[in-house]
Trainee: 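Structure incoming, see below.
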Amino acid sequence: MSVLAIVNTKNGAPTKSSLEAASYAAGVAAQNGTDAVAIVAGELNSADALGAAGVGRVLHHAAAVTDSGQWAKLTEAAAEAAGATCIVSSHDHFGRAIAPRVAVRLNAGLVAGVTHLPEGGTVRKNVFSGKAMADVAISSEKAVYTVTPNAFGVSNAGGTASLEAFSADLGQAREEVTGFDAASGDGQVPLPEAELVVSAGRGLKGPENWGIVEELAQAMGATTACSRPVSDIGWRPHHEHVGQTGITIRPNLYIAAGISGAIQHLAGVNQSKTIVVINTDPEAPFFKAADYGIVGDAFEVLPKLTAAVQALDS
Amino acid sequence: MNLLVCISQAPDTTSRIAFTNEDREFDSNGVQYIVNPYDEWYALVRAIELKAQQGGKVTTITVGGAGCDPIIRKALAIGADDAVRIDSEPTDALQVARLIADYATGKEYDVVLCGKETIDHNGAVVPAMLAELLDCGFVANATHLEVNGSEAQVKREAAGGEEHVKVALPLVLSAAKGMAEQRIPNMRGIMSARTKPLTVETGSAEGGTRIERFALPPEKGACKMIDADNAEELIRLLREEAKAI
Ligand SMILES: Cc1cc2nc3c(=O)[nH]c(=O)nc-3n(C[C@H](O)[C@H](O)[C@H](O)COP(=O)(O)OP(=O)(O)OC[C@H]3O[C@@H](n4cnc5c(N)ncnc54)[C@H](O)[C@@H]3O)c2cc1C
Ligand SMILES: Nc1ncnc2c1ncn2[C@@H]1O[C@H](COP(=O)(O)O)[C@@H](O)[C@H]1O
């Protein structure tokens with residue numbers, strides 16, 4: 001009856017969104033008076049971070065697995081070994097390819113992108129691109145949840161986890177990773193995981209003006225983003241495009257300069273904890289969705305903010 | 001090449017979101033439905049391009065009621081050859097995936113293309129479920145697809161960049177931005193769509209979840225305005241009040 005977290009690693013350490021999934025698994029386990037178990041494949045330096053997140057046992061498959069079908073088989077085997085009836089993964093690139101396959105194998109209902117622990121027989125998730133929420137009940141015996149990044153947080157229960165070797169018959173791989181193109185903007189936290197985001201739109205007038213956006217981002221340790229027209233006309237790379245048709249983010253802080261706040265843009269950012277809008281037009285719709293606003297010229301305001309951030313830490 | 005494109009309908013992105021029946025149902029009153037953007041702009045268009053390059057056939061499939069027919073005709077106008085609708089009001093992703101898989105099994109599709117997610121339910125789960133049901137390789141959030149013989153070269157979104165993946169056919173993928181460019185149907189396409197075959201099939205399958213109720217997010221409090229001449233004040237508030245930095 002335990003709860004199993006599917007954990008992705010990078011350079012031998014669990015990713016942040018996987019630690020969030022592990023924390024969520026521990027939360028569900030605590031509700032049911034049972035234990036959280038994690039399944040990990042490939043290089044793992046230590047089980048400490050998972051233990052701290054509340055996991056009691058880490059099942060470790062020594063060889064890395066990159067094929068989503070093999071991951072699903074590994075998860076099914078781990079669920080069986082751990083007696084798990086509830087499986088949790090991150091709702092990111094990793095979890096989205098694996099959790100649905102696991103749901104099929106276990107004949108389990110899946111709630112994708114949960115933001116809160118189950119309560120009163122249902123679990124909450126966002127729908128309509130953050131414009132509403134739904135409370136969803138599982139009607140099958142087993143359950144699979146994927147956890148929205150930056151929604152639940154990493155808990156620090158301060159426990160320790162045992163590390164156990166685990167293997168299973170994974171069959172043939174069909175997907176083979178052959179290369180990687182790193183997005184430019186090196187050194188930045190990838191957008192979906194970023195806690196701080198500085199974003200700009202058509203109000204910046206041209207790609208040559210992005211220096212002031214990058215300087216503020218750098219001063220804050222933030223990641224840069226942009227509106228869709230800006231990436232469509234090639235002022236900024238595609239991977240910076242946030243919104244309905246781009247990436248959905250949920251940072252602690254989203255600063256938007258020269259973005260009008262069209263509904264499709266808001267769909268990707270309206271779950272940010274704090275929103276700051278800088279716009280010359282006091283009627284810009286974005287102010288309605290903002291926590292803090294400055295009516296002003298981005299070309300003057302952004303450098304002032306950069307200086308103020310630098311002054312904070314000096 | 002035999003290509004299947006999963007097309008769903010979604011409320012227009014500017015729709016007012018409201019609920020009826022004690023918040024148990026989406027209020028579709030006055031809502032305009034569109035083809036889910038990822039399905040139309042990326043999955044469908046790339047399938048049509050591949051057919052133009054290598055020959056074959058593009059079929060769309062939709063699980064839904066007769067109300068979906070207009071968006072299916074639009075997909076035919078853009079360039080799909082024929083369409084199937086599984087006549088069922090879907091309530092759950094597992095149910096949708098099972099209905100599509102039941103139809104597709106034994107029909108030897110080389111590639112099944114889906115959108116990366118529906119903009120109403122935001123699940124992003126049907127495609128990978130389909131891959132498991134059809135026992136195929138899978139790529140989520142694909143931004144690029146080439147097919148050579150019995151193999152596909154795909155790029156996909158990954159943390160910090162794009163990954164290149166080689167996958168044996170048959171393959172299921174979910175399409176994201178970059179895969180293709182949106183196409184506006186022309187007059188000839190719209191005319192020919194009227195006579196292209198749209199087959200309606202019946203089917204039933206179990207799902208695994210049930211939406212109990214919807215809720216709207218709490219209203220945002222008023223936006224606190226800061227004078228542009230005093231922009232530094234914002235940074236102080238972000239640290240001391242919002243505790244965001
Ligand atoms: C189906 C669909 C999907 C879409 N998906 C997305 C999406 O995912 N993401 C997205 O962003 N958009 C999306 N859009 C487009 C969206 O509707 C808007 O057109 C877009 O977000 C506008 O971008 P913008 O705010 O940068 O530009 P504009 O709307 O042109 O706004 C520029 C703003 O800058 C302000 N400004 C001008 N000069 C200055 C200055 N010096 N200082 C400060 N402010 C200044 C102006 O007052 C204005 O408010 C989508 C549209 C559709 C139809
Ligand atoms: N009712 C449906 N009929 C056909 N395809 C669908 C349906 N629902 C979802 N899909 C496909 O699955 C993708 C992901 O949907 P979802 O998992 O609901 O976010 C969509 O972009 C479609 O390609």
Side-chain angles (χ1 to χ4, degrees), chain A residues 68 72 93 96-97 100-101 103-105 108-113 122 126-129 131-140 174-183 190 196 220 238 244-246 252-253 263-264 273-274 276 287 289-296 301 304-305 308-309 312, chain B residues 13-14 17 19 37 92-94 97 119-126 128-129 131-133 136-141 156-168 177-178 207-217 220 223-226 228 231-232 234-235 237-239 242 244-245:
Chain A
S68 62
H93 299 307
R96 274 192 287 219
R101 301 191 80 131
V104 166
R105 296 192 79 84
L110 186 162
V111 188
T122 62
N126 287 305
V127 288
F128 297 100
S129 306
K131 285 176 262 178
M133 297 154 320
D135 293 330
V136 186
I138 298 273
S139 51
S140 52
R174 285 172 288 215
E175 307 150 15
E176 185 195 337
V177 176
T178 55
F180 183 73
D181 298 330
L196 306 171
M220 300 179 63
H238 281 313
Q244 180 105 69
T245 43
N252 254 330
L253 175 63
I263 195 151
Q264 298 92 354
K273 288 191 191 79
T274 301
V276 174
F287 284 117
D291 301 285
Y292 299 98
I294 297 182
V295 177
V301 173
K304 279 192 198 166
L305 297 180
V309 170
L312 269 185
Chain B
T13 53
T14 55
I17 304 301
F19 303 101
D92 167 81
L94 194 52
I119 61 171
D120 47 3
H121 290 292
N122 303 125
V125 291
V126 169
M129 284 179 171
E132 188 65 29
L133 290 163
C136 293
F138 174 69
V139 179
N141 294 32
R156 70 171 166 220
E157 295 174 351
E162 274 187 346
E163 239 165 25
H164 303 222
V165 192
K166 191 170 79 178
V167 195
K177 183 176 175 160
T209 62
R210 186 175 65 237
I211 295 181
E212 293 284 339
R213 76 194 81 78
F214 292 99
L216 293 170
K220 270 256 175 201
C223 176
K224 194 173 236 179
M225 301 305 292
I226 294 139
E232 304 76 21
L234 171 70
I235 300 301
L237 289 170
L238 287 179
R239 169 151 296 183
I245 54 174

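Note on naming: letters A, B, ... go to the chains in the order of the sequence lines (proteins, then strands), and numbering restarts at 1 for each one. The shown structure was predicted, so the numbers you read here are calculated from the model rather than taken from an experiment.
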Trainee: For the candidates A/G246, A/G179, A/P190, which exhibits the highest count of non-hydrogen atom pairs separated by less than 4.5 Å from chain B?
Mentor: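 Going by pairs under 4.5 Å, I would pick A/G179.
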Trainee: Taking only residues two or more places apart in sequence or in another chain, which ones pass ring pair (Phe, Tyr, Trp, His ring centres under 6.0 Å) with A/F287?
Mentor: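 In terms of ring pair (Phe, Tyr, Trp, His ring centres under 6.0 Å), with neighbours along the sequence ignored, A/F287 is linked to no residue.
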Trainee: Show the nearest heavy-atom pair for residues B/E132 and A/A72, with the distance to one decimal.
Mentor: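 Of all heavy-atom pairs spanning B/E132 and A/A72, the closest is OE1-CB, 4.2 Å.
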Trainee: Just verifying a value: how many Å separate A/T122 OG1 and B/I211 CD1, rounded to the nearest 0.5 Å?
Mentor: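 Rounded to the nearest 0.5 Å, the OG1-CD1 separation comes out at 11.5 Å.
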Trainee: Measuring from atom CG of B/N141 to atom NE2 of A/H93, what distance do you get when rounded to the nearest 0.5 angstrom?
Mentor: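 These two atoms lie 6.0 Å from each other.
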Trainee: Ignoring hydrogens, what is the shortest heavy-atom contact between A/R96 and B/A128? Give both atom names and the distance.
Mentor: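 Minimum heavy-atom separation between A/R96 and B/A128: O-CB, 3.8 Å.
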Trainee: Using the side-chain hydrogen bond (donor to acceptor under 3.5 Å, both in side chains) rule, take B/T13 and A/Q264 through it: C-alpha gap first, then chi angles, then the decisive distance, then the call.
Mentor: CA-CA 7 Å; B/T13 53; A/Q264 298 92 354; 2.9 Å; yes
Trainee: Looking at A/V127 and B/D120, what are the two nearest heavy atoms and their distance?
Mentor: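 A/V127 and B/D120 have their closest heavy atoms at CB-O, 3.4 Å.
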Trainee: Is A/M133 close to chain B through its backbone or its side chain, or both, or neither, when contacts mean heavy atoms under 4.5 Å?
Mentor: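 It is both, since atoms from each part get that close.
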Trainee: Is there a side-chain contact between A/V177 and B/R156 (heavy atoms, below 4.5 Å)?
Mentor: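 They are in contact (side-chain heavy atoms under 4.5 Å apart), so the answer is yes.
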Trainee: Roughly how far, to the nearest 0.5 Å, is CD of A/Q244 from OG1 of B/T14?
Mentor: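 B/T14 OG1 to A/Q244 CD: 9.5 Å, rounded to 0.5 Å.
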Trainee: Check whether B/K166 gets within reach of chain A through its side chain, its backbone, both or neither, counting any heavy atom under 4.5 Å.
Mentor: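 The answer is both parts of B/K166.
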Trainee: Any idea which of B/G178, B/G207, B/A131, B/A93 has the most non-hydrogen atom pairs under 4.5 angstrom with chain A?
Mentor: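 When all of B/G178, B/G207, B/A131, B/A93 are compared, B/A131 has the most.
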Trainee: If I take atom CD1 from residue B/I17 and atom CD1 from residue A/I263, how far apart are they, to the nearest 0.5 angstrom?
Mentor: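 If I round to the nearest 0.5 Å, the distance is 7.5 Å.
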Trainee: Among B/A97, B/A124, B/A168, which residue forms the greatest number of heavy-atom pairs with chain A at distances under 4.5 Å?
Mentor: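 Heavy-atom pair counts peak at B/A124.
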Trainee: To the closest 0.5 Å, what do you measure between NE2 (A/H238) and NZ (B/K177)?
Mentor: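 Here the rounded value is 5.0 Å.
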Trainee: Which heavy atom in B/A244 sits nearest to a heavy atom in A/N252, and how many Å separate them?
Mentor: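 Scanning both residues completely, I find the closest heavy atoms to be CB-O, 4.4 Å.
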Trainee: Would you say that B/H164 contacts A/D181 through its side chain, given a criterion of any heavy-atom pair below 4.5 Å between the two side chains?
Mentor: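 Yes, side chains in contact.
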Trainee: Is the backbone of A/F128 close enough, under 3.5 Å, to the side chain of B/N122 for a donor and an acceptor to pair up by distance?
Mentor: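 Yes; judged by distance alone, with no hydrogens or angles, the pair exists.
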Trainee: Using a cut-off of under 4.5 Å for heavy-atom pairs, which of B/G137, B/A140, B/P37 has the most such pairs with chain A?
Mentor: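 It is B/G137.
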Trainee: Pick one of side chain, backbone, both or neither for B/L94, based on which atoms fall under 4.5 Å of a heavy atom in chain A.
Mentor: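 The side chain, not the backbone.
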Trainee: So which part of A/T178 gets closer than 4.5 Å to some heavy atom of chain B, the side chain, the backbone, both or neither?
Mentor: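 Both backbone and side chain.
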Trainee: Tell me whether B/T209 contacts the main-chain N or O of A/A137 through its side chain, where contact means a donor paired with an acceptor under 3.5 Å.
Mentor: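 Between the backbone of A/A137 and the side chain of B/T209 there is no qualifying donor-acceptor contact (under 3.5 Å).
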Trainee: At their closest point, which heavy atom of A/G296 faces which heavy atom of B/A228, and how far apart are they?
Mentor: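 Of all heavy-atom pairs spanning A/G296 and B/A228, the closest is CA-CB, 4.2 Å.
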Trainee: Would you mind reporting whether B/I245 and A/L312 have side-chain heavy atoms less than 4.5 Å apart?
Mentor: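 Yes; the side chains approach each other to less than 4.5 Å.
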Trainee: Between B/L237 and chain A, which part of the residue has a heavy atom less than 4.5 Å away: side chain, backbone, both or neither?
Mentor: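 For B/L237, heavy atoms of backbone and side chain both lie under 4.5 Å from chain A.
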Trainee: Using non-hydrogen atoms and a 4.5 Å limit, figure out which bit of A/T245 sits close to chain B: side chain, backbone, both or neither.
Mentor: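 Interface part for A/T245: both.
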Trainee: Kindly compute the distance separating CD (B/E232) from CG (A/L305), expressed to the nearest 0.5 Å.
Mentor: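 It is 8.0 Å, given to the nearest 0.5 Å.
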Trainee: So which of A/D291, A/L253, A/T274 has the biggest tally of heavy-atom pairs under 4.5 Å with chain B?
Mentor: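 Ranked by heavy-atom pairs under 4.5 Å with chain B, first place is A/D291.
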Trainee: Test of understanding: with side-chain hydrogen bond (donor to acceptor under 3.5 Å, both in side chains), list the residues that count as partners of A/K273, not counting sequence neighbours.
Mentor: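 Scan of A/K273 (side-chain hydrogen bond (donor to acceptor under 3.5 Å, both in side chains), adjacent residues dropped) gives none.
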Trainee: Under a 4.5 Å heavy-atom cut-off, does chain B meet the side chain of A/I138, its backbone, both or neither?
Mentor: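 When you check distances to chain B, atoms from both the backbone and side chain of A/I138 fall under 4.5 Å.
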Trainee: Taking all non-hydrogen atoms of both residues into account, name the closest pair between A/F180 and B/A158 and its distance.
Mentor: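 Looking at all heavy atoms of both residues, the closest pair is CE1-CB, 4.2 Å.
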Trainee: Go through the atoms of B/L234 and report whether side chain, backbone, both or neither lie under 4.5 Å from a heavy atom of chain A.
Mentor: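 Side chain only.
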